[in-house]
Amino acid sequence: MTEQNIDSSFIVHQLDNLSFKIKKNTFVVLDNESPHRSKLFQKNMTIWQQRGLFIFFLPTYSPHLNMVETVWQKLKTEWLLPEYYLEKDSLFYANNRCMANIGKVLNINFNPFNAN
């Protein structure tokens with residue numbers, strides 16, 4: 001988690017750091033958000049590929065394929081209570097607690113055809 005603006009420079013920095021840490025080919029799936037399509041981002045893709053980090057872009061207008069969209073929806077509508085938003089620290093703590101409990105206490109069904 002960060003308090004920084006998530007812009008192209010931030011994302012490039014994070015992926016660059018990741019590309020130095022991986023030990024085998026790694027694929028990162030991204031949506032088509034503008035920072036992911038910037039000139040700075042595009043310029044670094046070849047370098048990352050040489051290090052074994054490959055970027056895969058989801059088709060446009062396909063939130064059903066982007067699992068994080070489902071996670072954000074659950075966070076906003078079910079898991080985070082309104083009082084958590086009153087202070088930054090309580091929101092960060094609650095968010096971390098939720099993320100740590102996904103698959104343990106908190107479950108998500110990513111199958112849009114099976115709502116159970």
Would you check if the distance from the ring center of F27 to the ring center of F54 is below 6.0 Å? yes
Mind listing the closest non-hydrogen atom pair of S8 and P35 along with its distance? OG-O, 3.5 Å
Got a second to check how far F41's CZ is from L30's CG, nearest 0.5 Å? 5.0 Å
From S38 atom OG to D7 atom CG, the distance as rounded to the nearest 0.5 Å: 9.0 Å
OG of S19 to CE of M45: how many Å apart, nearest 0.5 Å? 12.5 Å
Here the gap from S9 atom OG to Q4 atom CD, rounded to the nearest 0.5 Å, amounts to 10.5 Å
Show your reasoning for whether side chain to side chain contact (heavy atoms under 4.5 Å, CB included) applies to N5 and F10. CA-CA 8 Å; N5 289 332; F10 178 85; over 6 Å; no
Side-chain donor-acceptor contact under 3.5 Å, H36 with N32: no
Does Q73 offer a backbone N or O that forms a donor-acceptor pair with the side chain of T77 under 3.5 Å? yes
Count I, L, V, M, F, W, Y as connected when their side-chain heavy atoms are under 4.5 Å apart, and connections chain through other members. Are V71 and Y84 then in the same cluster? yes
Could you pull out the closest heavy-atom pair between K104 and A100, with the gap in Å? NZ-O, 3.3 Å
Under 4.5 Å between side-chain heavy atoms, hopping through other hydrophobics if needed: is there a path connecting Y93 to I102? no
Rounded at 0.5 Å granularity, tell me how far OG1 in T2 sits from CZ in F92. 7.5 Å
Give a yes/no verdict on a cation-pi contact between R37 and F57, requiring under 6.0 Å between NZ or CZ and the six-membered ring centre and an angle within 45° of the axis. yes
Nearest atoms (heavy-atom pairs only) where A94 meets L80: CB-CD2, 3.6 Å
R51 bridged to D16 by N-O distance under 4.0 Å: yes
So E78 and L106, side chain to side chain contact (heavy atoms under 4.5 Å, CB included) or not? Walk me through it. CA-CA 10 Å; E78 296 179 30; L106 303 173; over 6 Å; no
Please round to the nearest 0.5 Å and tell me the distance separating atom OG1 of T70 and atom CG of L75. 11.0 Å
Check whether any side-chain N or O of K21 sits under 3.5 Å from a backbone N or O of N17 as a donor-acceptor pair, and report yes or no. no
So do V12 and W48 actually touch side chain to side chain, heavy atoms under 4.5 Å? yes
May I ask you to check whether over 12 heavy atoms, not counting those of E87, lie within 6.0 Å of atom CD? no
Give a yes or no on whether I6 and W72 share a hydrophobic cluster (residues Ile, Leu, Val, Met, Phe, Trp, Tyr; joining criterion: side-chain heavy atoms under 4.5 Å apart). no
Here's a test for you: under side-chain contact (heavy atoms from CB on, under 4.5 Å), which of N44, I47, V28 qualifies with L15? V28
Looking only at heavy atoms, the pair that brings N107 and W79 closest together is O-CZ2, 4.0 Å
Any link between L86 and L91 through a network of hydrophobic side chains (Ile, Leu, Val, Met, Phe, Trp, Tyr) touching at under 4.5 Å? no
